[in-house]
Amino acid sequence: MLAAIILVPLVGAAILGLFGKRMSERVIGWIACSTVAVSTILSFYLFFEHRAALEGGEKLHEYLFTWISVGTFRTDASLLLDSLSAIYILFITFVGFWIHVFATGYMRGDKGYWRFFAYMNLFMFSMLTLVLADNFVLMFVGWEGVGLCSYLLIGYYFTKDFANDAAKKAFIVNRIGDFGFVLGVFLLFSKAGTIFYFNDTARGIHGAFDWAMTQSPDPLTWSAIFGGGITSVAVLLFVGAIGKSAQLPLYVWLPDAMAGPTPVSALIHAATMVTAGVYMVARASSIYIHAPTAMMIVAIIGAATALFAATIGLAQWDIKKVLAYSTISQLGYMFLACGVGAFGAGIFHVFTHAFFKALLFLGSGSVILGMHHEQDMRRMGGLKKYMPITFATMFAGWFAISGFPLFSGFFSKDEILYRSFIANGLPDSWARILWFVGAVTALVTAVYMTRLMVLTFWGRERFSTSEPAPGADSVPGGHEDHPGPPHESPASMVLPLVVLAAGAVFAGYLGVPEGLSGGKITNYFERLLEPSIASLHVMEPGHAQRTPEGTPLETRAEAPARMPEGHGLERTLTGVSILIALAGIGIGWVWFKRKPLWEPPRLLEEKYYVDELYNATVVQPIKVGSTSVLWKVIDVHIIDGAVNGAGHLASMLGSTLRYLQSGLARSYVAIVVLGALLIIGYFVMK
Amino acid sequence: MGQYILTIIVLLPLAGAVLLLIVGRGEKPNAAALKWTALLISVATFIISLALPIGFNKGGGLQFETNLEWINAFNLGVRYHVAVDGLSLWLVILTTFLVPLALLSSWNSIHKRLREFLMAMLALETGMLGVFVAMDMFLFYLFWEVMLVPMYFLIGVWGGERRIYAAVKFVIYTVVGSLLMLAGIIALYYIHGSATLNYTFDIAAITNDVRTGALILDAATQSWLFWAFAIAFLIKVPLFPFHTWLPDAHVEAPTAGSVLLAGVLLKMGTYGLMRFNLPIFPDASHQWAVLISSLAVVGIIYGALVAMVQPDLKKLVAYSSVSHLGFVVLGIFSFTDQGMQGALYQMLNHGVSTGALFIIVGMIYDRRHTRLIAEFGGLANVMPAFSTFFMIVTLSSIALPLLNGFVGEFLILIGTYTSTLLPHARLFASLAALGMILSAVYMLWMYQRVVFGEVHNRENLKLADLNFREKLVLAPIAVLILAMGIYPSVFLSRSNQAIQTIKARLIPVSEVAVNPEAGTEER
C-alpha cells in the first residue's frame with residue numbers, strides 16, 4: 001500500500017514521458033492529476049486507517065526488496081510509515097495535487113506540456129520516496145531524485161540560457177551539500193554499522209537511531225565537530241540539509257531556481273523539496289540530541305539565514321524573487337526550531353508553510369499570468385480590482401506568513417520563537433540572541449510581505465495595457481500573449497488558490513500551542529509527532545535508562561507535566577509576537593503606500609554580492625587553474641613532455657646504437673628475452 | 001558443449017574474422033554482406049555468452065573450465081586453461097554486449113577498408129575475451145599482446161588526423177608496461193617453480209599456492225613483482241600520471257574503437273590488479289596501497305578538473321574516464337567487500353556509460369564532422385530523442401541513484417571510508433567524494449552547451465534526429481543503465497564469492513582473530 005503511494009506517480013511519469021507527446025493536453029492533465037490524486041487518497045486512507053497506531057508511536061515497515069547488499073553493508077527498498085512520514089506524505093500529496101491542478105491551467109498552450117507533467121509526476125515519486133524511505137540510502141535516492149526533477153524543471157525552458165544556468169547551479173550546489181550528506185552517512189555506517197533508521201526484527205535489521213539512543217551525548221564543544229563522533233555525523237548530515245534547504249552559505253541556487261515555471265516554484269522550491277532538509281534533521285533527531293554542538297550550529301545557521309534572506313527579500317522587485325528569499329528565510333525558522341530541540345515546532349512550520357507559501361507562489365503565478373508574464377512589481381499596482389479572487393486568497397497567505405493572529409503561520413512561528421527563547425540545552429545568552437534574531441526576522445517578514453501586497457494590489461496602476469511587458473523573467477508559454485488589461489485566472493487556477501487559502505487560514509489549528517489555550521486545547525500536531533521524534537527530556541538526569549526500542553514512552557508522558565510553569569512566559573512572548581506582526585504590517589503599509597517605488601540600498605538589492613563573491617573566489621579560480629595549470633602545464637608539458645622526451649632520448653640512443661638494430665622482429669624478440677633473462681637472473685642470483 | 005563454451009565464445013569472433021575474408025568477394029565488395037556477417041557473429045557471441053551468468057554457480061570458484069596441456073616442450077608447463085569466475089564473468093558479458101553495439105554504431109561511418117575494419121573489430125573481441133578467460137599466465141600474456149594489434153590498426157588506419165602519433169603512443173605506452181609484465185611473469189614462473197617444483201604458468205595454481213603457504217614470497221620479491229605487473233596494469237587503467245596516451249588515443253580512434261577502448265580495454269588494467277596483484281602479492285599490495293590510492297584520488301580530481309575545461313567532446317569523455325577509473329582503483333585498494341565489489345561494478349558501469357558516451361559523440365560527429373563543444377548548442381530543439389538518451393547517459397555518468405553509476409561509486413566510497421586495512425582511508429574517501437561534485441560540474445556543463453539553448457549555429461538546424469538503427473543502439477544501453485541501478489543483486493551476488501576469495505588473503509590472520517567484523521571500530 002505504501003509502495004503504491006510512491007509508484008503510482010512513477011507510472012504516471014513513465015506513461016507521460018513515453019507516450020505523452022502524442023496526447024492532448026486534456027488527457028495529459030487528467031493522467032498527471034489523477035495519479036497524484038490516487039496517492040493523496042491512499043495517504044489519507046492509510047493515515048486514518050492507522051491513526052491510533054501512529055499516535056501510539058508504531059512504525060509500519062513495508063519491505064519490497066534488498067537493493068544493495070555487500071558484506072556488512074545492506075540497504076533495502078523498504079518503506080516506513082510513522083507519524084513524521086505520515087504528516088509529510090499528507091501535505092505533499094494534498095498540496096501537490098492542487099498544484100498539479102493549478103498547473104493544468106497555468107501551462108496551457110505550452111508545447112512541452114507532456115514533458116512538464118512527466119517531470120512533475122516524477123518529482124512526486126522522488127519526494128514521496130524521500131520521506132517514506134526507511135534508511136538513509138533510499139532516502140538519498142529521493143534526495144537526489146528531487147534534485148534531478150528540480151534541475152529538469154528549473155531548466156524547463158531549455159532554450160533560455162538563464163534557465164539552464166540556474167538549473168545547473170541548483171544541481172551542483174545541491175551536490176556540494178550531498179557531499180557532506182554522504183560523508184555523514186559513511187561515518188554513521190562506520191560507527192553504527194547500519195544505515196537503517198530503526199530496528200526491524202522481522203528482517204534482522206539494526207537501526208542507526210536505536211544505536212544513537214544508546215550513546216552518551218557529546219559535550220558542547222567546537223572540537224566535537226571534528227572528533228569523528230556523533231557530532232561529526234550530525235554536522236555532516238546537516239551540510240546536506242544546508243544544500244537541499246537553501247541555507248547559508250549554500251542558499252544561492254534557490255533564488256535563481258525561480259527561472260522555472262511558477263507551479264514548480266510553488267511545489268518544489270517552496271512547499272516540499274526544500275523542506276527535505278528539515279525532514280532529515282527531524283528524522284535524525286535521535287542523532288542530533290546527542291550532538292549539542294551540531295544542534296547549536298543548526299540553530300545559528302537557521303537564525304542567521306532567516307534574517308539574512310529576509311533583508312534581501314525587502315529589496316527585490318521581482319515578485320517571485322521576494323517569495324524565494326522569503327522561503328529561504330522561513331526555512332531558516334524551521335532549522336532554528338530544530339536547533340533548539342523543538343523538532344515538532346519545526347515540522348509544524350513546514351506544514352503551515354507548505355500551505356501559505358504554495359498559495360503565495362500560485363497567487364503570484366496567477367498575477368504573472370494575469371499581467372501577461374510580467375514579474376516586476378514596479379509595473380504592477382492596483383490589481384485587486386482586476387483579480388479579486390487572487391487578491392483575496394493572497395491576502396490570507398500574506399497574513400499567514402506575517403504571523404497575524406489566528407492565521408496558520410501565527411501558531412507555528414509563535415511556537416518557534418517561544419521555544420528558541422527557552423531553548424533547552426543551550427546557554428541562556430545564546431537562546432536570547434536566537435530569539436531576538438527570530439523576532440527581528442518576523443518583523444522584516446511582515447514588512448516585505450506587506451510591501452509585496454501593496455506594490456501588487458494597491459496603489460496606482462503602473463502598467464500600460466497596450467504594450468507587452470518587456471523583460472519578463474518567465475517565458476511566455478505561447479498562450480494569451482496579446483496585451484490587454486490584467487485579468488483573473490481561469491477556474492482551474494482559482495480553485496487551488498481557494499483551497500490552499502483555506503489551508504493557510506486553518507492549518508494552524510491542528511497545532512495550537514498548549515500554553516496559548518492554557519492547556520485546554522491539545523496540541524494535536526505535537527502529540528502526533530512526539531513518538532517519532534527523540535526528545536531532549538530523555539537526556540535529563542533520572543531518565544537515563546534507555547531502551548533499545550528508542551525513546552521510552554513513559555518519559556514522554558511526563559513531558560507535558562513540565563509545561564504549565566512556562567505558560568505565563570509563553571503568553572507574554574505570544575503577545576510580543578502579535579505586536580511584532582502588527583507592527584510589521586503597519587510599517588509596511590504606511591511606508592509602501594506612501595513610497596511604493598522606494599529605492600532599496602544597493603547592497604540589499606544586489607543580494608550582498610554573494611554570487612559575485614563565489615564567482616570570483618571559487619568558480620573562476622577553478623576554471624582558470626584547471627585550464628592553465630592542470631591541463632596546459634602539468635598534462636601537456638610535464639607528463640607528456642616527459643613521455644615525448646623519453647621517446648626522443650630513445651630514438652637518439654637508437655641512432656647511436658643503430659648497428660645493433662637489424663630492423664627485424666627477431667631482434668626485438670631477442671631484446672625482450674634478454675631483458676627478461678636479466679630480471680630473472682636477478683632473482684636467481686640473490 | 002558445456003566444457004567448451006568459453007572456447008567457443010572466445011574463438012567465434014576470430015572465426016568470424018576469417019569468414020569475412022571470403023564473404024562479399026566480387027568486383028565490388030558487398031558492404032552490406034560484410035557488415036551483417038560481422039554483426040550476426042558478434043550478436044551470436046553475445047547470445048551464447050548469456051549462458052554463462054545463467055549457468056553460473058554463485059558459490060563456486062572457476063567455472064566453465066577447460067584445462068588442456070598445450071606446450072610441454074622442455075617441461076614448460078604452458079596450458080590452455082580457460083575459465084570464468086565472479087571476477088571475469090561480467091567483464092566477458094560486457095565485452096560481448098558492447099561489440100555488436102560498437103559495430104552497429106559505426107554502421108555507416110567506415111568508408112575505407114571496411115572488410116579489414118570489421119576483421120580488426122572481431123579479432124579485437126577475441127583478444128579481449130581471451131584476456132578475461134585466460135587462467136594461464138602465458139595464455140593471458142598472449143591475448144594481452146594480440147589484442148594490441150587490431151587496436152593499433154583501428155586507431156592508425158581508421159583514426160583522425162593525428163592517428164599515427166596516437167597509435168604509436170598507445171602502443172609504446174602499452175608495450176613498455178607489458179614488457180615489464182612479461183618479465184614479471186617469467187620471474188614468477190621461475191620462483192614458483194623452484195619453490196614448489198611445479199613449473200607452471202597456471203594462475204589458479206600459483207594463487208592457490210600463495211594462499212596455502214606453499215609459495216612464500218619475501219617482501220622485496222613481492223614488491224618487485226608487484227610493480228612489474230602493476231605498471232602494466234596501471235598504464236592500461238590508466239592511472240594518473242600514466243594517462244596521457246588516453247586522450248590522444250580516444251580523440252583519434254574511430255567511434256567503435258573508442259567504445260571498446262574505454263568500455264573494455266581499460267578494464268583489463270583493473271581486472272589484472274584484482275587477478276594478479278592482490279591475490280598473489282598481498283603484502284606488497286598493502287605496502288603500496290597508500291601510494292596507489294593517492295594516485296587514484298589525484299586522478300579522480302585531476303581528471304575531473306581537466307575534463308571540465310576540454311573544448312573537445314571526446315577529450316572530455318577521455319579525461320572523465322581517468323576520473324572514473326580512479327574510483328575503481330581506489331575501491332580495489334580499499335581491501336573491503338564494498339570497495340572491491342563496487343570497483344568491479346564500476347568497471348561494468350563505466351563500460352556501459354562511457355561506451356554510450358562515445359557512441360553518442362560519434363553520432364553527432366557523423367552528422368557534423370566536428371567534436372568541438374562550441375560548435376553545438378540547442379540540439380534539444382532539433383534532436384529530442386538524441387537529447388533524451390544523452391541525458392540518461394549523462395545522469396548515469398554522474399552517479400544518480402537508481403542508475404548504475406551510483407551503486408558502484410557509493411560502494412567504493414563507503415568501502416574505502418570504512419576500510420581498516422588502508423591507512424588514511426577516510427581522507428581518501430572524503431577527497432574522492434569530491435569527484436561526485438566535479439562530475440556533475442563537467443557533465444552538466446558539457447550537456448548544457450551541447451544540448452540546451454537556442455540553435456546558434458545554422459549548421460545544426462538541419463540535423464536529423466536519431467534513426468531506427470541509432471535508437472536500437474542506445475535503447476539497450478538505457479535499459480541496462482536502469483536495470484543495473486535498480487536491481488544490482490543480479491550482478492553483485494555472482495561476483496561475491498570471487499571477492500571473498502581475494503579478501504581472505506588480504507586480511508592478516510591476526511586481524512581476523514581480533515576483529516571478526518571489520519568496519520566496526522567502536523570504543
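Just so it is clear, the model here is predicted, and its values are computed rather than measured. So you know, we letter chains A, B, ... as the sequences are listed, proteins then strands, and number each from 1.
Looking at Lys21(A), the atoms closer than 4.5 Å to chain B (heavy atoms on both sides) all sit in the side chain, from C-beta outward. Phe140(A) touches chain B through backbone and side chain together, each having a heavy atom under 4.5 Å away. Ser387(B) does not touch chain A: none of its heavy atoms, backbone or side chain, sits under 4.5 Å away. Of the two parts of Trp245(B), neither the backbone nor the side chain holds a non-hydrogen atom closer than 4.5 Å to a non-hydrogen atom of chain A. Contact of Ile398(B) with chain A is made through backbone and side chain together, with heavy-atom distances under 4.5 Å. Both the backbone and the side chain of Leu402(B) come within less than 4.5 Å of a heavy atom in chain A. Interface remark: Leu395(B) contributes side-chain atoms only to the contact with chain A (heavy atom separation under 4.5 Å). At a 4.5 Å heavy-atom cutoff, the contact between Gln448(B) and chain A is made by side-chain atoms alone. With a 4.5 angstrom heavy-atom cutoff, Gln338(B) touches chain A via backbone and side-chain atoms both. Both the backbone and the side chain of Leu413(B) come within less than 4.5 Å of a heavy atom in chain A. Using a 4.5 Å cut-off between heavy atoms, Met308(B) touches chain A through its side chain atoms alone. Within the 4.5 angstrom heavy-atom criterion, only side-chain atoms of Leu411(B), from C-beta onward, approach chain A. For Val636(A), no part sits under 4.5 Å from any heavy atom of chain B, backbone or side chain. In this structure, chain A has a heavy atom under 4.5 Å from the side chain of Phe406(B), while its backbone stays farther away. Of the two parts of Ile486(B), the backbone and the side chain both hold a non-hydrogen atom closer than 4.5 Å to a non-hydrogen atom of chain A. For Tyr165(B), the part lying near chain A is the side chain, with the backbone staying farther off; criterion is any non-hydrogen pair under 4.5 Å.
With chain B as partner, the option from Ile638(A), Asp165(A), Asp161(A), Val185(A) having the largest number of non-hydrogen pairs under 4.5 angstrom is Asp165(A). Counting heavy-atom pairs closer than 4.5 Å to chain A, the top-ranked of the candidates His243(B), Gln341(B), Gln310(B) is Gln310(B). Among Ile176(A), Leu187(A), Leu148(A), Ile68(A), the residue with the largest count of heavy-atom pairs under 4.5 Å with chain B is Leu187(A). The greatest number of non-hydrogen atom pairs below 4.5 Å with chain B, out of Asp178(A), Val70(A), Val182(A), Thr66(A), is found for Val70(A). Comparing Phe242(B), Tyr487(B), Tyr302(B) by how many heavy-atom pairs each has under 4.5 Å with chain A, the most go to Tyr302(B). Most heavy-atom pairs under 4.5 Å with chain B, from the set Gly155(A), Gly71(A), Gly625(A), Ala77(A): that is Gly71(A). Interface check for chain A: of the options Ile437(B), Asp248(B), Leu438(B), the most heavy-atom pairs under 4.5 Å are formed by Ile437(B). Ranked by non-hydrogen atom pairs under 4.5 Å with chain B, the options Trp67(A), Phe65(A), Phe73(A) are led by Trp67(A).
With a 4.5 Å cut-off on side-chain heavy atoms, Thr174(B) and Val171(B) do not count as touching. Within the 4.5 Å cutoff, side-chain heavy atoms of Arg175(A) are placed close to those of Ser439(B). Taking the side chain as every heavy atom from C-beta outward, Lys191(A) and Trp211(A) approach each other to under 4.5 Å. Contact of the Phe196(A) side chain with the Asp76(A) side chain is registered, since non-hydrogen atoms from C-beta on lie closer than 4.5 Å.
Side-chain atoms of Asp337(B) and Gln500(B) form a donor-acceptor pair, as typed in the model, at a separation below 3.5 Å. A donor and an acceptor atom, one from each side chain of Thr244(B) and Tyr173(B), are located under 3.5 Å apart. Using a 3.5 Å distance cut-off with no hydrogens or angles, the side chains of Ser493(B) and Asn496(B) do not pair a donor with an acceptor. A donor-acceptor pair shorter than 3.5 Å can be found between the side chains of Tyr319(B) and Asp635(A). Side-chain polar atoms of Thr418(B) and Arg426(B) form no donor-acceptor pair below 3.5 angstrom. Between the side chains of Tyr345(B) and Asn404(B), no donor N or O sits under 3.5 Å from an acceptor N or O.
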Report task. Would you check, one step at a time, whether the test side chain to side chain contact (heavy atoms under 4.5 Å, CB included) holds for Lys503(B) with Thr336(B)? Result -> CA-CA 7 Å; Lys503(B) 206 185 120 189; Thr336(B) 56; 5.8 Å; no
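Distance CG/Asp256(A) to CZ/Phe162(A): 10.5 Å, rounded to 0.5 Å. For the atom pair Leu237(A) CG and Ser232(A) OG, the distance stands at 10.5 Å (nearest 0.5 Å).
Among the candidates Phe136(A), Phe189(A), Phe181(A), Phe186(A), the single residue satisfying the ring pair (Phe, Tyr, Trp, His ring centres under 6.0 Å) test with Phe410(B) is Phe186(A).
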